[in-house]
Amino acid sequence: MRSDRRALALGLAASSLAGCAGLPGMPFQTRAGVSEAPFGTLATGEAVKLFTLTNDRGSTARIMTWGAALQSLTMPDREGRHAEMVLGLDTLEDYVARSRNFGTTVGRYAGRIENGRLDLDGRTIQLEVGNGPHSTHGGPVGFAKRNWSGRADETAEGPGVTLTLVSADGDQGFPGRLTISITYRLTHDNRLTLDYLALTDQPTVLNPTHHSYFNLLGDPTRAITDHLLEIEADAFAAYDARKIVTGELRPVGETPFDFRQPKPLGRDMAADDEQLRFGGGYDHSFAVRGEGLRRAGRLSHADSGRSLEVWTTEPALHVYAANTVELIGRGGVAYRPYCGVALETQHFQNSPNRPEFPSTVLRPGETFRSRTEYRFGA
């Protein structure tokens, strides 16, 4: 989507608020607003900051500059009791050493690009591929492994923070000097909104996404298989045996991928289905109906009464049910497969090599603009 350069310039300003008293990474915040505290120091000597947003209902969101990541998010249940909604880790060292993209901003390109190669304006571009044959989530040192700059603000909607990163020409093999910002805002009606803006000085491809794992019970020791999921999609992007999308948007009807009506996430998870075998479970992109900002899906759980609606301007909703997550997480809790579900708004994987899919090319003079909202209810 496009806007004018002035809007981007406003979003890309980098400054900070004075820190408040409290333990490192755990600022005291009792009123609605924004606070800032240190969250550790990288091996390079760079300081990582943690911004805490608190709204009028006492809900909180903690966003750190490392990976532009949502480190914590609390929301109330039907009784008004707040609990943690996303998986996370305790320290910066944990995020650097063993993150599974808990809450990170993924880019330049979410998902896989086949063999790390793409053609752009007649030029073949080779991307960094890391440990496997394909470029994944933007390469070995993508957006999720960078320290962004941060600037806090407050509006009538609620407190927010804008994080900014400059990605150099050739970064992970991607062409063009790219400047990107993401603004997180915690509104007073319990929406977490994410606004992306980006500019480039050369033609490039761009497909950022947000990668939180949600668990509406606030208890990651309990699997999310009994969460009800509804997706506003009649088709999903099929994989081949290499877990590379083929370009086919396959109808969901009479398949385990039919979430057009709410159903438990785990109901068909063990079905004898080729696509589930290729993906190792649910790890697929769904083609969201319509255009503009619209509802892509809804997650809910009866025990707590909590619900989460995902709204987006993007063409796809990628669902990953933490199929292979297995490590010690926040507070020493053992995270196991299906302890949370990622609901990633994005373009389709491998789109630069699949003309069937909407283009992800960004050119000089254009402004990339995207919006995602996570709307919580109880």
Whether the side chain of [X] engages the backbone of [Y] through a donor-acceptor N/O pair (distance < 3.5 Å, no angle test) should be reported.
| X | Y | value |
| --- | --- | --- |
| E154 | P159 | no |
| N147 | A47 | yes |
| D268 | F257 | no |
| D77 | S304 | no |
| Q346 | H318 | no |
| T313 | G292 | no |
| R57 | H188 | yes |
| R306 | P76 | yes |
| H137 | G111 | yes |
| N215 | R222 | yes |

**OP:** Flag yes if F143 and V106 sit in one hydrophobic cluster, no otherwise; membership is Ile, Leu, Val, Met, Phe, Trp, Tyr, and two members link when side-chain heavy atoms are under 4.5 Å apart.
**Re:**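 No: no chain of side-chain contacts under 4.5 Å links F143 to V106.
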When rounded to the nearest 0.5 angstrom, what is the spacing between [atom1] in [X] and [atom2] in [Y]?
| X | Y | atom1 | atom2 | result |
| --- | --- | --- | --- | --- |
| L53 | I63 | CG | CD1 | 4.0 Å |
| H211 | T104 | NE2 | OG1 | 6.5 Å |
| E274 | L276 | CD | CG | 10.5 Å |
| M85 | S59 | CE | OG | 9.5 Å |

Does either side chain, that of [X] or that of [Y], offer a donor lying less than 3.5 Å from an acceptor on the other one?
| X | Y | result |
| --- | --- | --- |
| R250 | T255 | no |
| S307 | S300 | no |
| N55 | N190 | yes |
| S72 | E84 | yes |
| T324 | R100 | yes |
| T44 | E46 | yes |
| R108 | S167 | yes |
| T74 | T60 | yes |

**OP:** Please assess N350 against F357 for the test side chain to side chain contact (heavy atoms under 4.5 Å, CB included), listing each intermediate value before the final yes or no.
**Re:** CA-CA 9 Å; N350 204 33; F357 293 152; 5.9 Å; no
Does a side-chain N-to-carboxylate-O contact under 4.0 Å join [X] and [Y]?
| X | Y | answer |
| --- | --- | --- |
| E326 | R336 | yes |
| R185 | D195 | no |
| D258 | R260 | yes |
| R98 | D94 | yes |
| D121 | R363 | yes |
| E356 | R354 | yes |
| R78 | D303 | no |
| D171 | R146 | yes |
| R294 | E373 | no |
| E232 | R298 | no |

Subject >> Geometric cation-pi criterion, R375 with W311: 6.0 Å, 45° >> reply: yes
**OP:** Answer with yes or no after comparing the ring centroid distance for Y239 and H284 against a 6.0 Å cut-off, counting only values under it.
**Re:** yes
**OP:** Step through it carefully: locate the ring centre of Y213, locate the ring centre of F102, and say whether they are under 6.0 Å apart.
**Re:** yes
Original post:
Where does the angle between the aromatic ring planes of F214 and H210 fall among parallel (under 30°), tilted (30 to 60°) and perpendicular (over 60°)?
Top reply: tilted
Original post:
Using 30° and 60° as the class limits, which term best fits the ring planes of F259 and F286: parallel, tilted or perpendicular?
Top reply: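 Perpendicular.
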**OP:** Determine, step by step, whether L192 and L70 satisfy the side chain to side chain contact (heavy atoms under 4.5 Å, CB included) criterion, reporting the C-alpha distance in whole Å, the side-chain angles of both residues, the deciding distance to 0.1 Å, and the verdict.
**Re:** CA-CA 10 Å; L192 183 67; L70 179 66; 3.8 Å; yes
Original post:
Do F51 and T65 pass the side chain to side chain contact (heavy atoms under 4.5 Å, CB included) test, and can you show the C-alpha distance, the side-chain angles, and the key distance before you say yes or no?
Top reply: CA-CA 8 Å; F51 294 85; T65 55; 4.0 Å; yes
